[in-house]
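Everything below concerns the one structure shown next.
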Amino acid sequence: KIGSDAALALAMAQVIIHEGLHKPDFVREQTDLPLLVLEESGKFLRESDIKRGGSDNTFYVYDLKSRRIAEAPKKSLALDGLVPALEGEFTVQTRSGRKKVVPVMQVLRRKLNSEYSPEQAASVTGVPPDVIRSLAREIAGARGVQCLSQQCHSKFYHGDLMERSILLLFALCGHIGRKGANYHC
């Protein structure tokens with residue numbers, strides 16, 4: 001169905017994450033999915049949450065190597081030895097007490113599992129669930145995938161969200177910034 005691109009892309013993302021077809025190293029380094037959010041508010045954990053006078057522009061990841069929170073790199077996407085968690089629940093001491101935090105990837109996984117299964121998306125898109133799963137697996141396993149949108153999404157209400165959903169799909173699979181794979185708009 002015309003205009004249902006976001007639901008289709010999000011259902012494919014659900015399959016890719018659920019089946020473990022995503023590229024964790026790419027996701028850790030090139031996306032904000034490892035950043036920690038406060039479970040109770042859904043907002044990013046910031047330095048200002050942890051210490052008085054802390055920055056609102058310093059975010060955190062949970063480093064699997066050191067088993068503690070660590071500042072997310074600011075000057076570069078390079079992780080410099082950090083291995084950010086993409087799932088799990090962690091407790092941190094904030095200025096207002098101990099709080100539970102989770103990576104954005106875990107929040108995304110929950111949202112996709114509850115609202116964007118292939119069966120749920122089929123009713124919106126008109127695409128059968130088995131076709132959604134097959135296409136998701138094909139995209140995840142492809143050496144390179146390209147999309148040329150030619151700004152057609154701008155003709156739709158919330159077209160920007162369609163593009164973001166497709167970009168998420170590409171980021172999960174590592175199909176950005178390398179030869180033979182990219183999203184062009």
Side-chain angles (χ1 to χ4, degrees), residues 9-10 12-96 98-113 116 136-137 139-147 160-161 163-185:
L10 291 173
M12 288 190 290
Q14 189 275 338
V15 171
I16 288 166
I17 293 172
H18 181 72
E19 295 185 5
L21 303 174
H22 60 286
K23 305 287 189 267
D25 291 339
F26 185 89
V27 170
R28 283 184 178 104
E29 184 182 78
Q30 299 292 318
T31 74
D32 63 358
L33 294 175
L35 295 180
L36 295 174
V37 294
L38 293 157
E39 186 81 274
E40 66 183 26
S41 68
K43 295 185 177 186
F44 287 116
L45 176 66
R46 301 167 188 267
E47 186 180 46
S48 58
D49 295 318
I50 296 173
K51 56 182 156 182
R52 186 179 310 275
S55 170
D56 282 337
N57 296 321
T58 298
F59 303 99
Y60 291 88
V61 298
Y62 184 84
D63 180 28
L64 294 171
K65 203 170 173 183
S66 67
R67 296 180 177 232
R68 63 178 183 79
I69 65 168
E71 282 187 23
K74 286 183 181 178
K75 296 183 190 253
S76 166
L77 293 175
L79 295 173
D80 293 327
L82 287 176
V83 182
L86 295 176
E87 58 186 43
E89 185 176 280
F90 313 100
T91 304
V92 297
Q93 184 63 45
T94 69
R95 290 181 18 210
S96 59
R98 296 186 65 71
K99 303 284 182 178
K100 290 184 181 179
V101 294
V102 296
V104 172
M105 178 79 162
Q106 185 159 317
V107 175
L108 174 66
R109 178 188 304 261
R110 286 182 199 154
K111 182 81 166 170
L112 294 176
N113 286 342
Y116 291 97
R137 292 174 186 136
I139 288 173
R143 216 167 125 58
V145 175
Q146 293 198 15
C147 178
D160 61 322
L161 299 179
E163 289 187 2
R164 286 176 173 216
S165 299
I166 296 167
L167 283 166
L168 170 65
L169 184 63
F170 274 53
L172 289 171
C173 299
H175 294 315
I176 297 175
R178 62 180 174 77
K179 190 173 183 175
N182 215 338
Y183 182 89
H184 306 278
C185 56

Shortest non-hydrogen pair, F44 vs L38, comes out as O-CD1, 4.5 Å
Rounded to the nearest 0.5 angstrom, the CG-CD distance for L77 and Q30 is 5.0 Å
Does I69 form a side-chain contact (heavy atoms from CB on, under 4.5 Å) with I50? I'd like the steps, not just the answer. CA-CA 11 Å; I69 65 168; I50 296 173; 3.7 Å; yes
CG (L169) and CD1 (I16) are apart, to the nearest 0.5 Å, by 4.5 Å
For Y62, the ring pair (Phe, Tyr, Trp, His ring centres under 6.0 Å) test, sequence neighbours excluded, returns F90
Here the pair of heavy atoms bringing T91 nearest to R98 is CG2-NH2, 3.5 Å
Side-chain donor/acceptor of D63 to backbone N/O of S66, under 3.5 Å:
yes
Minimal heavy-atom distance between H22 and I17, with the atoms involved, is ND1-CA, 4.0 Å
One should read off an interatomic distance between L82 CG and E71 CD, to the nearest 0.5 angstrom, of 10.0 Å
Contacts of R95 meeting salt bridge (charged side-chain N to carboxylate O under 4.0 Å, His left out) (sequence neighbours excluded), chain-then-number -> none
Are L21 and C173 side-chain neighbours, meaning at least one heavy-atom pair lies under 4.5 Å?
no
Separation between NZ (K51) and OG1 (T58), nearest 0.5 Å, reads 8.0 Å
* Can E40 and K99 be counted as an ion pair, charged N to O under 4.0 angstrom? -> yes
Heavy-atom closest pair (L64 atom, P84 atom, distance to 0.1 Å) is CD1-O, 4.3 Å
In terms of heavy-atom contacts, A9 and I166 come closest through CB-N, 3.9 Å
Value for CD1 (I139) from CE (M12), rounded to nearest 0.5 Å, stands at 4.5 Å
Neighbour count >12 (heavy atoms, 6.0 Å) for atom NZ, K74: yes
List the atom pairs, with distances to 0.1 Å, where a side-chain N or O of residues 101-111 and a protein N or O form a donor-acceptor pair under 3.5 Å, not counting sequence neighbours.
| from | atom 1 | to | atom 2 | distance (Å) |
| --- | --- | --- | --- | --- |
| Q106 | OE1 | G88 | N | 2.5 |
| R109 | NH2 | E87 | OE1 | 3.1 |
| R110 | NH1 | E39 | OE1 | 2.9 |
| R110 | NH2 | E39 | OE2 | 3.3 |
| K111 | NZ | E115 | OE1 | 3.2 |
| K111 | NZ | E115 | OE2 | 2.8 |

Side-chain touch L168/L10, heavy atoms, less than 4.5 angstrom: yes
**OP:** Go through the steps for S48 and D56 under the test side-chain hydrogen bond (donor to acceptor under 3.5 Å, both in side chains), then give the verdict.
**Re:** CA-CA 6 Å; S48 58; D56 282 337; 2.5 Å; yes
*Short side-chain to backbone donor-acceptor contact, E47 and G54, under 3.5 Å*: no
- Under the side-chain contact (heavy atoms from CB on, under 4.5 Å) rule, what do L33 and L172 come out as? Steps first, then yes or no, please. CA-CA 10 Å; L33 294 175; L172 289 171; 4.0 Å; yes
When rounded to the nearest 0.5 Å, the distance separating OG1 of T94 from CG of L45 is 8.0 Å
- Message: I'd like to know if D25 and R28 make a salt bridge, using a cut-off of under 4.0 Å between side-chain N and carboxylate O.
- Response: yes
Heavy-atom nearest pair, L112 first then Q14, reads O-CG, 3.5 Å
